[in-house]
Amino acid sequence: MACAFSNTCRAVIVFTWAALTLLIVHDAASENRNISFTQQRLVEGQDFSQYFRSLQLGWYHIELVECSIKGELGSLNFSCFSNLQYINLWNNDLSGSIPPQIGSLSKLKYLNLRWKNLTGTIPKEIGSLRNLEALYLRNNSLNGEIPTYLRGNPPKSFVGNKGLCGHVKGSTQSELVKLQQEKLKAMDLRDTKQRLNNSLEFVKGKISMLAAKLAIQALEMQAVTVFIWAALTLLIVHVASATKISIHVAASEIERQALLNSGWWKDRIPHNTSDHCNWVGITCDYEGRITHIGLAESNIKGELGHINFSCFPNLQYLDLSNNNLSGSIPSQIGSLSNLKYLDLDRNNLTGTIPKEIGSLRNLKELLLGSNTLGGVLPQEIGNLKSLTALSMDANNIGGPIPSILFRLTNIEYLSLGFNRFNGLIPREIGNLKNLTSLSIGGNKLTGPIPSTIGRLTSLQILDLSSNQLHSSIPLEIGNFSALGNLNLSDNKIRGIIPDELTKLSQLQYLSLSSNLLSGQIPFAIGKFFNLVSLDLSKNKLSGSIPTEIGNCSELRNLTLNHNSLDGTIPLEMGKILWLQNLDLSHNNLSGTIPKTLPPMYLDMSFNSLEGEIPTYLQGHPPKSFVGNKGLCGHVKGFPSCSQSQKHPPSIIRFVKIFLPLRLVLAFIILGFILLLKRQNKTPKLNSRAAKNGDVFSVWNYDGKISYEDLINATEEFHIKYCIGTGGYGSVYKAELPDGKVVALKKLHQSETEDSAFVKSFQNEAHVLSTVRHRNIVKLYGFCLHKKCMFFIYEYMERESLFCVLRHDDEAIELNWTKSEHREECGSRFVVPASRLHSVNCSPRHIKQQHST
């Protein structure tokens with residue numbers, strides 16, 4: 001029952017006396033002894049001990065919620081209330097420690113002392129309360145160890161007491177702190193209660209004021225009739241309060257039943273309580289209404305629609321992330337008008353986002369990422385004006401990004417990555433000036449990066465990667481003074497790296513890889529003092545690596561591969577002590593490897609480096625250094641530096657040339673005999689090569705192959721046409737204008753500068769030009785130039801015997817395990833070697849073309 005107090009002291013005294021007298025009589029008759037004072041303040045300055053002087057023995061129920069009672073809790077002699085079953089002193093100004101006399105309340109079932117200033121330890125006498133079902137001591141200043149006999153209570157019974165310790169129901173102190181933080185979020189529920197009770201309290205207040213006046217008149221006029229009316233009035237208030245309690249009980253039962261019907265709490269109900277407010281993941285307000293549901297990472301299965309959301313009108317927090325929920329998001333979710341946090345991340349939800357979600361006007365965070373949601377974003381999402389975080393990443397949502405989304409000016413976190421959004425990035429994106437994180441990578445967005453994005457001066461993370469954006473990097477990108485992570489990789493962005501980019505002094509992660517950027521790396525890159533990772537790979541950057549990069553002392557990852565960088569590796573890179581990964585492969589770098597580089601994982605393959613591989617780097621695999629000329633050291637496949645100095649370079653290169661040709665050594669020796677018969681042709685070719693270093697010969701087959709056709713077909717030997725790489729050359733697949741497909745074996749540039757190699761190249765070309773056999777790859781022609789040497793072979797669709805035997809399925813298909821098949825394959829190699837030349841194998845007509 002609620003008590004109302006007027007501002008007149010006399011009226012308060014008279015009314016309180018009348019109310020207590022009538023209730024004592026009423027409760028004694030009905031055996032429902034209960035006194036409850038809620039939502040009002042007691043007489044100003046009234047001490048706690050003085051207030052309880054009039055209490056009688058035999059009371060069952062004491063409830064003084066938010067009454068601003070002052071004094072020490074020990075001033076109340078609990079031993080006088082032997083029949084007391086319920087104590088609720090929530091949110092008052094009580095202090096001191098919990099008195100040991102509380103252990104005398106043998107019939108006590110409910111004790112709520114939260115939100116006070118209680119200190120000291122939990123008395124051991126509480127262990128005598130054998131009938132205690134609910135205990136709330138949270139948000140005080142208690143300390144010491146939680147008694148063993150109380151550790152069966154849920155952790156939320158003790159949160160907010162930083163000095164308490166002990167293992168409570170599988171929880172740690174960190175979990176108590178986490179629950180405390182969640183409880184603090186629910187502090188505003190008192191305002192919600194006040195609003196819900198406004199109408200009833202207004203009526204009750206008016207009636208109570210009238211009753212107080214009538215009681216005063218009864219004393220003054222000694223009129224028994226007036227007092228009877230006052231009694232009847234108080235009885236009406238009592239009945240109204242009881243009705244309200246009944247409504248609350250009914251609503252609480254509806255919520256409990258909805259939880260049971262979902263099936264999610266089947267194995268999560270504690271065996272010692274039927275109160276759903278104590279179930280796992282459930283938090284209620286002081287009236288028993290559910291405000292929080294948190295079952296993240298709980299292995300929940302089934303459809304999300306199994307729970308009836310319309311049964312939880314007071315729900316403010318819903319977290320069902322990282323489970324196995326399926327089905328669509330039910331439209332009933334729009335009935336959660338008080339919801340502020342909704343997290344359904346990492347489930348298996350399908351269907352579209354219901355438009356009813358736009359009814360959640362109080363929603364601040366909406367997280368639906370990592371599901372299989374489709375369709376488009378509903379226009380109603382623009383109604384969520386309070387939204388600060390929106391995550392829809394890793395779904396199948398498509399269509400253009402709706403411009404109404406950019407009216408949510410309070411949003412700070414926006415993640416729409418890895419969906420199917422298309423079209424342009426709307427210019428209205430500049431309206432989200434509170435945005436700190438923007439991720440829309442992994443979509444199909446096209447067009448330029450809008451200049452209005454420069455208005456997002458609070459950005460800390462910007463991810464536009466893996467789209468089809470083109471044009472250049474906008475100069476306004478220099479406005480992101482707080483930016484720490486910038487990812488524009490895997491687009492079609494052209495132009496140079498603007499100097500404005502180097503203004504981002506807080507930048508830690510920068511990725512511009514897999515674009516069409518050209519020009520040089522800016523010298524001002526040394527201003528990135530906080531840079532941890534820099535990826536500029538797979539572009540068209542040229543020039544040298546700036547020495548200023550040594551100023552990036554925090555750098556851990558530096559990736560510059562697949563560009564056209566030249567010059568030497570700067571010695572200043574040795575100052576980057578924390579460098580863990582360095583990739584400079586597939587460039588035109590020259591000189592030696594600096595011995596000042598820190599130990600790390602590196603790749604310097606396919607450059608023009610020379611000299612000794614530093615000793616501390618010789619533990620790296622050979623693939624880290626292949627494709628460089630003159631490198632030596634104790635690395636497999638490379639000569640030792642002493643051997644390279646002892647033997648002339650021509651001999652070493654001569655041996656290196658014939659190592660890859662060991663499989664065809666047999667028929668080359670026999671073919672050399674045939675070359676003796678054509679000595680009159682060789683001097684002519686040799687003299688021509690010696691004269692201008694330029695020979696190009698192509699055989700005609702169903703048409704004519706020209707040098708220009710080969711260059712155009714491979715886009716000047718672009719890496720995307722490369723189908724294999726060896727120690728001395730790379731093989732490219734080229735489709736000619738007439739549809740014919742040939743294989744080009746292009747020798748590395750370092751080998752073309754050796755005269756001994758040129759001679760062996762000529763010999764191989766002439767031997768293969770005179771040999772015809774079905775088991776020998778046909779040579780269509782070759783190009784011999786001081787800067788370009790390659791053979792033109794017939795393209796083999798299924799590759800070589802080695803490639804077949806390397807794969808189990810193809811080896812089984814070849815039936816290599818049977819001896820007769822091995823003998824047959826062996827004879828196919830022997831016969832061509834013995835028949836390197838036939839009578840009718842004169843070369844076809846040769847068309848020569850000289851390129852300068």
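The shown structure was predicted, so the numbers you read here are calculated from the model rather than taken from an experiment. Values below: all heavy atoms of this structure, side chains included; hydrogens, waters and symmetry mates excluded.
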Asker: Kindly indicate whether the side chain of Ile521, heavy atoms from C-beta on, has any atom under 4.5 Å from the side chain of Ile549.
Answerer: no
Asker: Measure the shortest side-chain to side-chain distance between Phe418 and Asp393 over non-hydrogen atoms and say whether it is less than 4.5 angstrom.
Answerer: no
Asker: Apply side-chain contact (heavy atoms from CB on, under 4.5 Å) to the pair Phe606 and Val626, showing each step before the final yes or no.
Answerer: CA-CA 6 Å; Phe606 300 104; Val626 297; 4.0 Å; yes
Asker: Nearest 0.5 angstrom please: Thr446 OG1 to His470 NE2, how far?
Answerer: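 Taking OG1 in Thr446 and NE2 in His470, the distance rounds to 6.0 Å.
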Asker: Lys746 and Phe790: which non-hydrogen atoms are nearest, and at how many Å?
Answerer: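 Smallest interatomic distance, heavy atoms only, reads CA-CB, 3.7 Å.
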Asker: Nearest 0.5 angstrom please: Thr436 OG1 to Tyr413 OH, how far?
Answerer: 9.5 Å
Asker: Ignoring hydrogens, what is the shortest heavy-atom contact between Pro570 and Pro546? Give both atom names and the distance.
Answerer: CG-O, 4.2 Å
Asker: Considering residues, nucleotides and ligands other than Ile496, do more than 12 of their heavy atoms fall under 6.0 Å from its CD1?
Answerer: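 12 or below, so no.
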Asker: Nearest 0.5 angstrom please: Asn395 CG to Thr372 OG1, how far?
Answerer: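 Going from the CG atom of Asn395 to the OG1 atom of Thr372 covers 7.0 Å.
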Asker: For Gln460 and Gln508: C-alpha separation, side-chain torsions, deciding distance, then whether side-chain contact (heavy atoms from CB on, under 4.5 Å) applies.
Answerer: CA-CA 10 Å; Gln460 299 176 15; Gln508 292 183 315; over 6 Å; no
Asker: How far apart are the C-alpha atoms of Leu501 and Leu510, what are their side-chain angles, what is the distance that settles it, and do they pass the side-chain contact (heavy atoms from CB on, under 4.5 Å) test?
Answerer: CA-CA 10 Å; Leu501 193 63; Leu510 174 60; 4.0 Å; yes
Asker: Testing the basics here: between Leu597 and Met573, what is the closest heavy-atom pair and its distance to 0.1 Å?
Answerer: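 Leu597 and Met573 have their closest heavy atoms at CD2-CB, 3.8 Å.
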Asker: Are there over 12 heavy-atom neighbours, none belonging to Arg494, within less than 6.0 Å of that residue's CZ?
Answerer: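 Open: at most 12 neighbouring heavy atoms sit under 6.0 Å from CZ of Arg494.
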Asker: Taking the side chain as every heavy atom from C-beta outward, state whether Leu435 and Ile411 have any pair of such atoms under 4.5 Å apart.
Answerer: yes
Asker: Which of these, Leu432, Leu390, Asn431, sits in a side chain to side chain contact (heavy atoms under 4.5 Å, CB included) with Leu405?
Answerer: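 So the option named by the test is Leu390.
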Asker: Could you tell me whether the side chain of Asp490 and the main chain of Ser465 form a donor-acceptor pair under 3.5 Å?
Answerer: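 Checked: no pair found.
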Asker: Would you say Tyr795's side chain and Ala734's backbone share a donor-acceptor pair under 3.5 angstrom?
Answerer: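 No; judged by distance alone, with no hydrogens or angles, the pair does not exist.
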Asker: Mark yes or no for whether Asn396, through its side chain, and Leu373, through its backbone, hold a donor-acceptor pair below 3.5 Å.
Answerer: no
Asker: Donor-acceptor pair, distance only, cut-off 3.5 Å: does the side chain of Asn628 make one with the backbone of Met604?
Answerer: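 At least one qualifying donor-acceptor pair exists.
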Asker: May I ask you to check whether over 12 heavy atoms, not counting those of Lys575, lie within 6.0 Å of atom NZ?
Answerer: yes
Asker: Mind listing the closest non-hydrogen atom pair of Ile525 and Cys552 along with its distance?
Answerer: O-SG, 3.4 Å
Asker: Does any non-hydrogen side-chain atom of Leu445 lie less than 4.5 Å from one of Phe421?
Answerer: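 They are in side-chain contact.
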Asker: Measuring from Leu462:CG to Leu507:CG, what's the distance to the nearest 0.5 Å?
Answerer: 10.5 Å
Asker: Establish, from distance only, whether the side-chain atoms of Asn299 and Asn324 form a donor-acceptor pair under 3.5 Å.
Answerer: yes
Asker: Give a yes or no on whether the backbone of Arg455 and the side-chain of Asn479 come within a donor-acceptor separation of less than 3.5 Å.
Answerer: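 Such a contact is absent between Asn479 side chain and Arg455 backbone.
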Asker: Measuring from Ser514:OG to Lys492:NZ, what's the distance to the nearest 0.5 Å?
Answerer: 12.5 Å
Asker: Applying side-chain contact (heavy atoms from CB on, under 4.5 Å) to Leu609 and Ile569, what does each step give before you reach the verdict?
Answerer: CA-CA 9 Å; Leu609 301 173; Ile569 301 175; 4.3 Å; yes
Asker: In terms of the angle between their ring planes, are Tyr601 and His620 parallel, tilted or perpendicular, with boundaries placed at 30° and 60°?
Answerer: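 Judged by the thresholds at 30° and 60°, the geometry between Tyr601 and His620 is tilted.
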Asker: With a 4.5 Å limit on heavy-atom distance, are the side chains of Phe480 and Ile453 in contact?
Answerer: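 SC-SC contact between Phe480 and Ile453 confirmed.
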Asker: Hey, are the side chains of Lys733 and Val741 touching, using non-hydrogen atoms and a 4.5 Å cut-off?
Answerer: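 When only atoms from C-beta onward are counted, Val741 and Lys733 do touch, with a gap below 4.5 Å.
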Asker: Please find the pair of heavy atoms, one from Asn515 and one from Asn491, that lie closest to each other, and give the distance.
Answerer: OD1-C, 3.0 Å
Asker: Tell me if a side-chain donor or acceptor on Asn530 pairs with a main-chain N or O of Ser505 at a distance below 3.5 Å.
Answerer: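 The answer is yes, because a donor-acceptor pair under 3.5 Å joins these two groups.
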Asker: Between the side chain of Ser624 and the main-chain N/O of Leu602, is any donor-acceptor distance below 3.5 Å?
Answerer: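 Present.
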Asker: Nearest 0.5 Å please: distance from the CG atom of Leu541 over to the CG atom of Asp566.
Answerer: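 One finds 11.5 Å between CG of Leu541 and CG of Asp566.
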Asker: Do side-chain atoms of Asn347 reach the backbone of Asn323 as a donor and acceptor pair under 3.5 angstrom?
Answerer: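 Yes; judged by distance alone, with no hydrogens or angles, the pair exists.
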Asker: Would you mind reporting whether Ile449 and Ile473 have side-chain heavy atoms less than 4.5 Å apart?
Answerer: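 With C-beta onward as the side chain, the pair stays apart.
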Asker: Return yes if some donor-acceptor pair links the side-chain N/O of Asn563 with the main-chain N/O of Asn539 below 3.5 Å, else return no.
Answerer: yes
Asker: Can you give me the closest heavy-atom contact between Ile477 and Leu488, atom names plus distance?
Answerer: CD1-CD1, 4.3 Å
Asker: Checking Asn607 side chain against Ser605 main chain: does a donor-acceptor pair fall under 3.5 Å?
Answerer: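 It does hold such a pair.
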Asker: Check whether any side-chain heavy atom of Thr452 lies under 4.5 Å from a side-chain heavy atom of Glu476, and answer yes or no.
Answerer: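 Thr452 does not reach Glu476 side chain to side chain.
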Asker: Evaluate the ring pair (Phe, Tyr, Trp, His ring centres under 6.0 Å) criterion for residues Phe717 and Tyr732: first the C-alpha distance (whole Å), next the side-chain angles of each, then the deciding distance (0.1 Å), finally the verdict.
Answerer: CA-CA 7 Å; Phe717 297 103; Tyr732 297 83; 5.2 Å; yes
